Asks: 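Handing you this structure, nothing more for now.
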Amino acid sequence: MRRNVPYKCINCGAPIQWDRSSDHIKCDFCGTVNYLENNNYLKIKSFISSFKNLSWQNLKTKDLKKSNLFFVIPLVFLLILFISSDKTNQFKVDNEDLKNEYKNNENLKIRNKKKHQTQKDPIFDDWVTVGILHSLSGTMAISESTLVDVEKMAIAEINESGGVKVGDKKYKIEYIIEDGKSDWPTFAKKSKSLIDFDGVPVVFGGWTSASRKAMLPVFESRNSLLFYPIVYEGQECSKNIFYTGATPNQQAVPAAEFMFRDSPAAGKPFYLVGSDYIFPRVVNTITKNHLKKIGGKVVGEDYLPLGNTEVAPIISKIKKTLPNGGVIINTLNGNQLISFFQQLRDRDLTTSNGYYVMNYSITEEEITVLSNLIGNQSIKGHYAAWNYMQNINTSASRKFVSNFKKRYGSDRLVTDPQESAYNMVYLWKKGVEKANTFVPAEVRKALVGIRFNAPQGSIQIMPNHHIKQKLRIGKINQQSGFTIVRETSQISPKTWSQKLPSSKGYTCDWTDLQKGRRYR
C-alpha cells in the first residue's frame, strides 16, 4: 500500500501530501511543481517487478539455490525498509521551523496579492510575469546590463499600449530580474528557479554561448521558452530557444566576402585574430572555408585568452605575413581591443598603409570608448558588420533611439545586441497573442512565421527558430559612429553551417518534429 507523507513546497514552504510513487507534485497553494529528485521508490520499482513472475517451485530448484538470488531478495527487502523510513527526502516537514517558514511565506504571498490588487491599473484584467536573466555582476555585467535596460523599455512600451491580449483579457507584463553573475552554472540554476518556482512562461536572457549552452537543457527538460539575443556561432537549433542574433551566414560570411571583393583591400590576403573561445574559433573556421572557395587566402590565425592583452607578438606576425597590407578579421573583446588598435597604429599598420580591419565585436559603444582612450584616428576607416546600427534612417529606428535616450539619458547609445534584445520581447508578445495563450508549447508553435517591424526593419521568425534579417556593413567615421556602406537584402538564417564538413547538408525545421533539430 502506498503511503502519502507530508512534505514542504520548495517555493512557499506550504505542506503538501506526496504520493511517493510519483516524482513530482504541484503545490495547491502557490502552484509550484515540486520534483522529488531522490525518489528511491521509483528507482527500485522496476527492479522489484522483475521478481513478480517467480514461482515457489522455481525457487526450490537446485540450480536456483546455487545462484545469487537468495542474496538479492534480502537486499531488496532492506531497501524497501529504508525507503519507508522517509529519511531520504529533503522536503519533509518534520519540525516547527518549517511550519513557521510556511506561515511567513503565506503571509508574504497574501501581501503580494493585495499589492497587485491595490496597484492594478484599471485598463488591465490581469498580469503575467516574465523572467529576465543577465549578468548584473562579474566580467559580463558591463555588456549584459544594457540588455536589461532595453527589455524593460520594451515591456513598458507594451504595457503603455494596452499590454498583452489573450482572449477577452488584457494582461500587464511584470518581470523578475535575476543575476547570472557571469557564471554559467548560475545561469542554469537561475533558469530552474524562474521556471519551477516563479512559474514564468518565458525567459529573456544570456549573452555568451557558454551561458546559453548551460541554460539549454533546463529549458528543453521543462519544455519552456528562452529568447537569446546575441550574434553567435550557430551549430545549434533548440526547440525551446528562439535566437534573435545573427548566424555566421548572416554576418561573418557576407562580411568576409565584402572585404575580399569590394573593400579597399580587395584581393589581398587575410589574417584572423580573436579571443580564445567558441565564437571566434567556429566563425574563423567558417571564414577560412568560405574564402578558400571564392579564391581568398588566409596567411595567419591567432587567439588570445580572454583578459590577456599581450597582442605585440600577434602584431609582429601580421606585419611579417602582410607586408603590403591586407584584411584583418577581428573578434577580440574588451580591453584586448584597446591594446590591439593602439599597437596597430604604433606599428603603422593603418588604413593609409593598406591595412583594414573587419570587426565582429565592435559596436558604437566600443567605438566611443576607443576614441576617448586612443583617439578616433586609430580606428577611423575600419569596418564592422551588424544587423542593426544606430544611424539606420527608419522611423522605427529613430523612435527606438529617441525612447531609449529619454528613458536612460541623452548620452546613452543603442547597439545591435540591444536592438536584438528589444525585438525578442515584442516577438514573444505577438506569439502569445497569436496562440491566444501563455502556454510555452503553444506559443512556440505560433511564433514561427511571425513578422515584426523592428528598428532595423522587418524581421521574421523562421522554422529553425532564428530570424530572417538584413546585414549592414559600416565604416567607422570621424564622429565615432558608422557610415553604412553596404546593406544586404534579408538573409535566411542557416543554423548548421554549409561551410563546415561536419554540418554540410544539414538543416533544422521545428514545424515538423520528424525533422526537428538536425536533418538532411
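These figures come from a predicted structure and were not determined experimentally. No hydrogens, no waters, no symmetry mates; every other heavy atom, side chains included, goes into these values.
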Asks: Between Asp196 and Arg222 (salt bridge meaning N to carboxylate O under 4.0 Å), is one present in this structure?
Replies: yes
Asks: Taking the six-membered ring for Trp, are the ring centroids of Tyr383 and Phe258 within less than 6.0 Å of each other?
Replies: yes
Asks: Going by the rule ring pair (Phe, Tyr, Trp, His ring centres under 6.0 Å), which residues pair with His382 if we only count those two or more places apart in sequence or in a different chain?
Replies: Phe341
Asks: Are Glu233 and Ser497 close enough that some pair of their side-chain heavy atoms sits under 4.5 Å apart?
Replies: no
Asks: Testing the basics here: between Gln390 and Val414, what is the closest heavy-atom pair and its distance to 0.1 Å?
Replies: OE1-N, 2.8 Å
Asks: Test the Arg444-Trp510 pair against the cation-pi criterion, namely NZ or CZ under 6.0 angstrom from the six-membered ring centroid and within 45° of the ring axis.
Replies: no
Asks: Side-chain contact, heavy-atom cut-off 4.5 Å: Thr208 with Ser135?
Replies: no
Asks: Is there a side-chain contact between Phe227 and Val203 (heavy atoms, below 4.5 Å)?
Replies: no
Asks: Decide if the gap between the ring center of Tyr232 and the ring center of Phe279 is smaller than 6.0 angstrom.
Replies: no
Asks: I would like to know whether Tyr271 and Asp302 meet side-chain hydrogen bond (donor to acceptor under 3.5 Å, both in side chains); could you show each step before the answer?
Replies: CA-CA 8 Å; Tyr271 200 104; Asp302 269 300; 2.5 Å; yes
Asks: Taking 4.0 angstrom as the limit, do Arg212 and Glu236 come out as a salt bridge?
Replies: yes
Asks: Cation over ring, Arg281 on Tyr303, under 6.0 Å and within 45°?
Replies: yes
Asks: For Arg412, is there an ion pair with Asp149 - N to carboxylate O distance below 4.0 angstrom?
Replies: yes
Asks: side-chain contact (heavy atoms from CB on, under 4.5 Å), that's the test. Do Phe340 and Leu304 meet it? Break it down for me.
Replies: CA-CA 11 Å; Phe340 179 68; Leu304 276 178; over 6 Å; no
Asks: Is any side-chain heavy atom of Lys152 closer than 4.5 Å to a side-chain heavy atom of Tyr408?
Replies: yes
Asks: Between Glu157 and Asn403, is a side-chain contact (heavy atoms from CB on, under 4.5 Å) present by the stated rule, with each step listed?
Replies: CA-CA 9 Å; Glu157 290 177 357; Asn403 287 351; 3.2 Å; yes
Asks: Do Leu272 and Ile328 come close enough that some side-chain heavy atom pair is under 4.5 Å?
Replies: no
Asks: Are Ser275 and Gln336 linked by a side-chain donor-acceptor pair shorter than 3.5 Å?
Replies: yes
Asks: Is there side-chain contact between Lys293 and Lys499, with at least one heavy-atom pair below 4.5 Å?
Replies: yes
Asks: Quick one: do Glu220 and Arg517 make a salt bridge, cutoff under 4.0 Å?
Replies: yes
Asks: Report yes if the distance between the aromatic ring centroids of Phe404 and Tyr422 is under 6.0 Å, otherwise no.
Replies: no
Asks: Do Lys319 and Ile315 have side-chain heavy atoms sitting under 4.5 Å apart?
Replies: no
Asks: Do Phe400 and Met153 have side chains that approach each other closer than 4.5 Å (heavy atoms only, starting at C-beta)?
Replies: yes
